[in-house]
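On a predicted model such as this, the values are computed, not experimentally measured, just so you know.
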Amino acid sequence: MFMDTRAQTKKAPWSSCRFQRFWLWVTTSALALVIAQLAQADEWTGVTDDDWFNSANWSFFVVPTSSSPRLVIIDAGSSNPARIGGAGIDNAEATTMDIGVNRNGVLEIEGGSRRLFSGDATLGRFWGSRGVVGVNGPDAQWGILGNLVIGNEGSGQITLENGATLGVSGNVDFARFRLAGFGQASEGALIINGGSFVQDPDTGTFGIGISGDATLEISNGGQLVSGYTTLGLNADGTAEASIYSNDATRLSRWQANNLRIGGAGQAGLAIGQGAVVHVAGDALIGDEAGSRGTVLVFREASSAVDAGILNIGGALAVGEGGHASLLIGNGGKVDVAGVVVIADNASASGNLVVGSAGELNTHHDGIYVGALGEGELTLSEGGRALLHGGAVTLGFFAGSSGTLNIGAADGSDARAPGVLDASNVRFGAGAGTLVFNHTGHDYVFSSDISGNGLIKHRAGGTTLTGDGSAFTGGVFLEGGRLSVNGLLGGGIDVAGGTLAGTGQVGAVILRRGSQIAPGNSIGTLKVAGDITIALGSDYEAEVNAAGASDLIHATGTATINGGSINVLPSPDFAVGTPYTLLTADGGLVGAGFDAVNFDSLFVSPVLSDDANHVFLTITQTTDFVAVARTSNQVAAAGGIQSVASGLLFGAIASLGDADEARRAFDDISGEVHASIKTALIEDTRFVRSATLSRQIGEGEDSGLWTKSFGSWGRWDSDGNAGELSRHLGGLLFGRDSLVLEDIQLGWVAGYARSSLHIDERASTSTADSYTLGAYVGRRWDAFSLKGGVAHSWHRLDTARTVAFSGFTDNLSANYSARAFQTYGEAAYSLDIEGARIEPFTNLTYVHLSTDVYSETGGAAALTAASQSIAETFTTIGLRGKSQFDFGGAPTHISGSAGWRHAFGNTPTATHHFSGADNFTVTGVPIAVDALALDLGVSVNLTQDATIGLSYHGQFGSSLIDQGLRASLNVAF
């Protein structure tokens, strides 16, 4: 597919005795010629020092010049290498130069303003020789007006560092010869570390590894300009090149006219971080038959410098006639102005991988994967191939093969997918394959697909959105999920995995162990042709309460030889509504489906059909209440049963486990609204206790007072409502005084905040309570009567979570409640040896009312009208008080014990789901009988001020409530 514009003549390898004899003759003749030249050569002796400009160091005692006709030889004549450097402005000159002829020759050009200008230069001319040149420093230069050979038969190395420059006007050859059969190969190396190597790109060729072993390294801001460049020119030539920079401010660059990596030999090129390679013309990897070329464009994982870049002004061939691979990874980028061909000729094989956030951009006729050879393109790990024109063509000519892998190759472990941005993927006359073998869950492939080839889906979730109506090949679905939301021609063989989508596909064969799931939620998958459903396959059919369902619509016949239908609510379903699951314009044949699955305690799916359709009807066979056990479960089950449809109804109807169904009934019951009433009624006692503890006729207890209190309570589950825990804190204050010497009048006000938890129901509530009341008392000698009234205003905030299989809802409500209480107490006081004992009896009436509430949330939200409840309490007990001095301060200790009995019903809450009947649930019960204890101590700080601390508790069969009170009383 490329026009051959190569300017360099290729040298054939020597592989026979004839060539070896010829080569020995050439070598012998060359040696004779060199020996003749040596007599007239300016040879470096270095007998005095290493100064190039010292004539005593030369064999003719004359420093070479450009006008001298003699050859300049730098060989190991002494321990001093030839050195051009130091102070001065003189330039060194030479005609033809040999550095290392039979031994080791070293030339150093460095420092000052010294430069060397020469004609042709050869490093390592004969076997066993080595020529080394180092050019170091920003003013160090070597200019060659001619050709340069680095390793002719021996080895040669040039190192450019720290801004040094080497310029060549002619050809450059690395590692020119290899003596076949004798194990001898020339070696050539060029190291550009922050220096520059410039060849006239219009006149010279640049061969790295002609028939020997060559190395090129460009690093840390190094620059190379070359002409027509080949790595591994002949079959016995090998070359390795690398370019990189670890300094983001000093990019390494290589500019070449054309580039062949593996002409007829073997070659590798690594373009790392901080490197840019620009090829003005074509780039060929693995050019001739039998060659091998590898290119890596990447960034080291630990580097913070940008990844390597390869820009190609012409075309790119990955396997022109040989074997080639191009790997773009770790952020590497390749930009190609022309066409990209993988495996161009019949003898070629090519593999191009874009992975690890790598990027390939093309700007002409797209990418040909397998023009005449075997080509493979893999996009993985977020790698992107962006085609700004043209298409991806798989297997272009007859006899070729082309494969595009998304993720990983067929037969390999799945990997994360890459991205293809191309308008079209087309299959040519060869064997083309598109493979999806990735780990993505929602990968979208949007290219149009055309031609006759094979699509394989091995792993991952893939959605096709393009127009594949012109695709005439086959689809083999073995694993993962393939959703066709566009058009896809050809037949689909589903041997494993799931076929889904809302588009149109060709004929479908559904084999054992495979699935079909129309839609992306509920939707229709159209089959343009026949569909065959085998025994052991599954049809996943989603339905909803609106009567919609998944549908397979085949324009041909539907052959159903068994298989199961798995019914999936999405998210709910309707009872008694016929759903159409399959339509076949050409009719139904076969035995039909052999099973329909809906794992539920309450409903059963029923299949039916006619000549062209398969229907499904869901019928409720068990009432929700039949599974419930407790009264709250029964009530909640009846409440949701009356809805008869919807999300919550469908979720419960879909449950297959009785215990989970009962837990669901408990969750949806909303019993927190009932149990909170129990706590509010019980907590009215704090106001009563504070006012009834005021003593009649005792001056130290009259006046302004305040009490802070805290309580921690727990009402155990009664097997119906869940356990309720409550934490409460508050402050009461008031004032009382004597009227007519024996009547005590007072008022009380306060605030309290309580936090309630029902862990078994994932429910919480807070109550902010404000109270205002009045009280009165009178004493007749030892007998006293006390009483009062109080009104409390409550602001309630509730939150609960309903969660079970297939359903989750978070619900909250804000509403108000009010509690009114009236109470009275009679007591008789006895003084016994300085202590007071007082039997008492108490009667209390409490009325609690709640406002309407409507929970916010989803389908499990409840709504209620205003409600009220009344409770009556009686308490009979004995209290005592004694006084003593503590540190000179009058101190009182007191205590009481009483039996409290409750008359009334357990608090309830009546509410309903949207559009359903009311149902009533009960909260935790108020303890019918409880022991009430109170222990305290108070100290008279002054005659008019008293502080106190007390413990209080209530203990019943299912109740434990304990707390502390602190008080301050000031009389005036």
Side-chain angles (χ1 to χ4, degrees), residues 30 33-34 37-38 40-44 46 52 58-59 63-77 81-85 91-110 114-126 129-136 140-161 164-177 186-192 195-200 203-210 212 214-216 224-227:
L33 178 62
V34 169
Q37 291 178 334
L38 287 177
Q40 300 179 3
D42 282 335
E43 185 172 2
W44 172 263
W52 172 285
W58 293 96
S59 59
V63 177
T65 65
S66 60
S67 60
S68 171
R70 291 190 292 270
L71 170 70
V72 175
I73 296 176
I74 300 176
D75 221 359
R83 181 175 179 272
I84 302 172
N91 293 324
E93 298 178 347
T95 55
T96 304
M97 295 184 64
D98 279 357
I99 303 170
V101 177
N102 294 300
R103 293 169 293 184
N104 297 334
V106 179
L107 171 62
E108 298 175 352
I109 307 172
E110 59 183 21
R114 299 296 176 86
R115 300 171 177 85
L116 170 63
F117 297 96
S118 71
D120 295 343
T122 301
L123 283 70
R125 175 171 288 279
F126 294 119
S129 66
R130 177 173 177 77
V132 177
V133 176
V135 188
N136 190 345
Q141 297 182 18
W142 183 9
I144 300 176
L145 188 63
N147 302 321
L148 170 65
V149 178
I150 306 175
N152 183 61
E153 295 178 5
S155 66
Q157 176 177 310
I158 296 178
T159 301
L160 305 177
E161 297 181 280
T165 301
L166 172 58
V168 180
S169 65
N171 299 328
V172 177
D173 290 349
F174 286 62
R176 179 180 280 180
F177 297 122
S186 58
E187 297 178 351
L190 174 61
I191 300 172
I192 308 174
S196 298
F197 189 114
V198 180
Q199 180 196 30
D200 186 341
T203 62
T205 62
F206 201 91
I208 306 174
I210 306 300
T215 302
L216 169 65
L224 172 61
V225 177
S226 62

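- The closest donor-acceptor contact from the side chain of T95 to the backbone of R70 lies under 3.5 Å.
- If you take CD1 on I99 and CZ on R130, they are separated by 12.0 Å, rounding to the nearest 0.5 Å.
- Residues L123 and G131 share a closest heavy-atom pair of CD2-O, 3.5 Å.
- The six-membered or imidazole ring of F177 lies away from that of F126, with a centre-to-centre distance of 6.0 Å or more.
- Between P81 and W44, the shortest heavy-atom contact is O-CZ2, 3.6 Å.
- For the pair R115/I109, no side-chain contact is recorded, criterion being any heavy-atom separation below 4.5 Å from C-beta on.
- Looking at residues two or more places apart in sequence or on another chain, you find a ring-ring contact (aromatic ring centres under 6.0 Å, His included) between W52 and W58.
- Rounding to the nearest 0.5 Å places OG1 of T65 at 13.0 Å from CG of N91.
- Using a 4.5 Å cut-off on side-chain heavy atoms (C-beta onward), L166 and V133 make no contact.
- Using modelled atom types, one side-chain atom of E93 and one backbone atom of S66 make a donor-acceptor pair closer than 3.5 Å.
- Annotation: side chain of F117 is not in contact with side chain of W142 (no heavy-atom distance under 4.5 Å).
- Atoms OG1 and CD, from T215 and E187 in turn, are 8.0 Å apart once rounded to the nearest 0.5 Å.
- A side-chain N or O of Q157 and one of T159 form a donor-acceptor pair less than 3.5 Å apart.
- Shortest non-hydrogen contact noted between A175 and G188 is CB-N, 3.8 Å.
- Counting only N and O atoms by type, the side chains of S59 and E43 include no donor and acceptor under 3.5 Å apart.
- Minimum interatomic distance between N136 and A164 (heavy atoms only, all atoms of both residues): N-CB, 3.9 Å.
- E153 is not listed as a side-chain neighbour of R176, based on a closest heavy-atom distance of 4.5 Å or more.
- At distances below 3.5 Å, at least one donor-acceptor pair connects side-chain atoms of N171 with backbone N or O atoms of T205.
- Partners of S129 by side-chain hydrogen bond (donor to acceptor under 3.5 Å, both in side chains), not counting sequence neighbours: none found.
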Checklist entry - F174 and I210: side chain to side chain contact (heavy atoms under 4.5 Å, CB included), yes or no, with the steps? => result CA-CA 6 Å; F174 286 62; I210 306 300; 5.7 Å; no

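- Residues I158 and I150 meet the side-chain proximity criterion, which asks for heavy atoms closer than 4.5 Å.
- The distance from atom CD of E161 to atom CD of E110, rounded to the nearest 0.5 Å, is 10.0 Å.
- Not a single side-chain hydrogen bond (donor to acceptor under 3.5 Å, both in side chains) links D120 to another residue, sequence neighbours left out.
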Next on the checklist: Run the side chain to side chain contact (heavy atoms under 4.5 Å, CB included) test on L148 and F197 for me, step by step, so that the C-alpha distance in whole Å, both residues' side-chain angles and the decisive distance to 0.1 Å come before the verdict.
Outcome noted: CA-CA 12 Å; L148 170 65; F197 189 114; 3.8 Å; yes

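- At a threshold of 4.5 Å between non-hydrogen side-chain atoms, the residues I84 and L107 count as touching.
- Annotation: the span from T122 atom OG1 to L71 atom CG amounts to 9.0 Å, rounded to 0.5 Å.
- In this structure, the side chains of V168 and F206 stay at 4.5 Å or more apart for every pair of heavy atoms.
- Scanning both residues, L216 and L224, for their nearest heavy atoms gives CD2-CD2, 3.8 Å.
- Counting only N and O atoms by type, the side chains of D200 and S169 include no donor and acceptor under 3.5 Å apart.
- With R125 as the partner, the side chain to side chain donor-acceptor pair (under 3.5 Å) test is satisfied by one option alone out of D98, N102, D75: D98.
- Using a 4.5 Å cut-off on side-chain heavy atoms (C-beta onward), S68 and D42 make contact.
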